[in-house]
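Structure record follows, encoded as structure tokens.
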Protein chains: 2
Amino acid sequence: MATISDVASMAGVSTATVSRALNGKSTVDPELAARVFAAAEELGYSPNGPARNLRRQEAAVLALIISDVENPFFTAIARGVEDVAQAVGYSVVLCNSDESGDKERRYIDVAIQERVAGVILSPTSTTTNTKRLTDRGMPVVAVDRPLPDDEHDMVLVDTRMAAKEAAAHLFAQGYEQVGCITGPAGVRTADDRLAGYRDAVRSAKKRSSARLVRRTEYKAAGAKAATVGLMSQDDPPDALLVANSSMVIGVLEALDELGKQVGRDVGVVAFDDVSWAKLVDPPLSVVAQPAYEIGTVAAQLLLARIADSDRAATTTTLSARLIERGSSSRA
Amino acid sequence: MATISDVASMAGVSTATVSRALNGKSTVDPELAARVFAAAEELGYSPNGPARNLRRQEAAVLALIISDVENPFFTAIARGVEDVAQAVGYSVVLCNSDESGDKERRYIDVAIQERVAGVILSPTSTTTNTKRLTDRGMPVVAVDRPLPDDEHDMVLVDTRMAAKEAAAHLFAQGYEQVGCITGPAGVRTADDRLAGYRDAVRSAKKRSSARLVRRTEYKAAGAKAATVGLMSQDDPPDALLVANSSMVIGVLEALDELGKQVGRDVGVVAFDDVSWAKLVDPPLSVVAQPAYEIGTVAAQLLLARIADSDRAATTTTLSARLIERGSSSRA
DNA sequence: AGCGTCTGAGAAAACGATTACTCAGAACAC
DNA sequence: GTGTTCTGAGTAATCGTTTTCTCAGACGCT
């Protein structure tokens with residue numbers, strides 16, 4: 001592949017001049033510049049990124065490490081990040097940690113090695129991995145889930161409040177025994193949603209009962225099994241708050257197989273307003289999280305931190321919105 | 001951030017020895033190696049990727065450029081690619097071209113600049129962009145959609161046959177006037193699915209009619225409008241073949257709003273077996289494409305080509321599978 | 001002992017860009 | 001006409017690795 005020296009000798013100038021011309025730095029004689037551009041075009045010259053980054057000690061690349069590429073919530077975040085980054089000339093590379101602390105670590109190491117300008121991640125495990133980044137002074141923004149030390153910029157959703165509101169809505173609709181299916185213990189969103197659920201139970205003056213709560217992976221299969229377990233006890237729940245959109249697939253499958261009619265027999269509210277929510281019967285009531293906005297805000301925060309590493313860390317908390325549809329109504 | 005020289009001086013050896021020790025090359029005195037490892041650990045040393053890549057003239061990174069991150073078909077491909085790549089120590093960076101030839105070109109340029117080892121892409125526009133890659137001898141594998149010249153490795157699905165089979169199935173179920181909603185002209189999968197549909201129309205001895213065909217973006221909104229258009233004519237179709245899963249969302253919404261009952265009034269088969277297909281009422285009949293496998297095969301092909309650039313180009317065509325559910329049955 | 005052969009570590013040359021220096025010549029002021 | 005400033009291009013240093021040389025010393029063989 002053509003190098004800058006090839007261009008230089010073809011244009012009959014020094015490499016310095018080529019570099020200056022191509023980057024529009026300083027002033028270069030228009031006639032020389034024209035020769036340079038012609039030569040670059042002719043040779044199909046494309047600057048060697050690694051060499052440039054090595055010299056410049058910076059790369060206009062952001063890493064985005066998300067915990068599930070197949071979850072629309074995270075892909076929407078990705079879009080938000082990308083749109084902001086593109087606008088200022090940064091590229092985004094997307095990595096899928098797949099809820100595995102191990103893969104997360106591997107991608108963090110790649111990000112460090114490649115010396116990307118900054119990292120946005122939805123942390124799976126706590127601290128240990130991100131410490132590698134902060135130890136080396138790499139700008140980081142956490143999304144969706146907080147990091148323990150508040151040295152970091154974070155973009156979160158007030159998911160506890162949202163869960164409370166969703167559960168309260170179910171009680172208000174006349175459901176008596178609202179259950180909750182949430183993610184693994186230690187995953188902050190899962191814990192928060194459970195806490196919000198409990199807040200609502202308390203506010204409704206109901207007796208809180210571990211019997212009505214299940215925790216599983218944030219996946220359909222686990223949620224399906226959990227639903228079967230919940231529903232097959234004596235005095236089963238008559239409504240469910242489900243902590244994400246993958247899970248609700250398992251939940252709806254299970255209810256269908258158990259012959260329970262959603263809405264009439266069992267009220268359901270799930271997190272994330274997926275594109276197909278209106279298509280199921282009855283339409284699914286959801287907690288819509290501002291995923292795209294999380295992405296845009298996170299990208300802006302990261303860019304700000306890259307520009308000024310001494311900025312005080314900020315935490316932005318966005319709020320979610322309950323969308324009432326048929327699945328949470330007995331009518 | 002610590003450099004190799006820092007490690008070298010702390011360990012009291014030369015940088016060459018540090019490099020050799022850390023990379024396990026050649027033989028290094030165990031005692032020296034131990035000092036090196038200790039120093040590297042102590043300093044939190046992480047080799048500078050750009051510098052390494054510059055020297056080595058290669059990076060263990062693959063670029064995957066897909067046309068829609070929010071489409072589960074493509075994210076499943078991504079998983080396949082990633083699993084294969086990870087296993088052999090390559091990282092994958094995912095880029096979203098968003099069906100825009102412009103973004104595609106930008107990401108291709110980034111891939112070239114960063115000198116990634118190879119590129120897997122689902123081409124949006126034809127030739128022009130990929131020529132940039134091949135001109136520079138960059139290994140490329142096309143997925144989902146072919147590239148015109150057969151100099152390339154490709155992994156495709158026999159989507160024409162699958163479309164034919166799906167449409168034939170609708171006829172077999174007793175639908176008389178099967179319509180088709182497909183993607184933009186020029187997008188190969190869209191054209192092939194339409195061609196397969198026409199094959200089936202011909203085989204069923206029906207008169208083919210442009211009246212029953214609509215083309216729009218591969219998005220829900222366009223498909224919704226197309227459906228309304230199709231259904232509001234005199235003698236509207238009584239079944240629809242829908243070319244992807246985003247579109248079918250719009251189609252189902254439209255049918256619902258028009259008061260048409262899916263299955264009984266209008267049969268529907270759509271491409272891609274999305275996770276929620278069984279949840280809609282009636283369950284959605286689909287053409288399941290082997291997306292994950294497309295990804296794994298593509299990654300293997302790419303790795304093979306990276307290892308040996310003189311390999312003959314191969315085209316792998318996988319087949320799709322029709323899954324019959326309630327939406328294509330009058331019962 | 002003397003002479004290859006080997007081993008293993010350091011010195012130094014890449015890799016391909018950017019950029020701090022340097023310096024010739026023009027422009028300008030006196 | 002001389003000295004000063006300015007302009008713009010080339011020279012060379014630099015980024016942090018890897019890797020080719022180079023070479024000292026150990027080893028083995030006759």
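All values derive from a computational prediction rather than experimental measurement. Chain A is the first sequence line, chain B the second, and so forth, proteins listed ahead of strands; every chain is numbered from 1.
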Given 3.5 Å as the limit, does a donor-acceptor pair link the side chain of [X] with the main chain of [Y], or not?
X      : Y      : result
A:N71  : A:F73  : yes
A:D153 : A:R305 : no
B:E104 : B:T124 : yes

Candidates [options] - which lies nearest the side chain of [X]:
X     : options                : result
B:A51 : D:dT17, D:dT19, C:dG10 : D:dT17
A:T3  : D:dG10, C:dG16, C:dG10 : C:dG16
A:N48 : C:dA11, D:dT11, C:dA17 : C:dA17
A:R20 : D:dC15, C:dT19, C:dG16 : C:dT19
A:D29 : D:dG10, D:dT18, D:dA9  : D:dA9
B:R56 : D:dA12, D:dT19, C:dC15 : D:dT19

When rounded to whole Å, the CG to P distance for the pair B:L54 and C:dA13 reads 17 Å
note: A:N53, atom CG; C:dC15, atom P; distance rounded to Å ~ 19 Å
Side-chain donor-acceptor contact under 3.5 Å, B:R52 with B:N23: yes
Can you tell me if [X] touches the phosphate of [N], counting only side-chain N or O atoms and a distance under 4.0 Å to OP1 or OP2?
X     : N      : answer
B:T27 : C:dG8  : yes
B:Q57 : C:dA14 : no
A:T17 : D:dG10 : yes
A:R55 : D:dT14 : no

Closest-nucleotide mapping onto DNA chain C: is B:L32 or A:P50 further toward the 5' terminus? I mean the 5' end.
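Between the two, 5'-proximity favours B:L32.
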The answer to which of B:R115 and B:T15 contacts DNA chain C further toward the 5' end, by nearest nucleotide, is B:T15
request  = Have a look at B:N23 and say if it touches a base, only the backbone sugar-phosphate, or nothing, with a 4.0 Å heavy-atom cut-off.
outcome  = sugar-phosphate
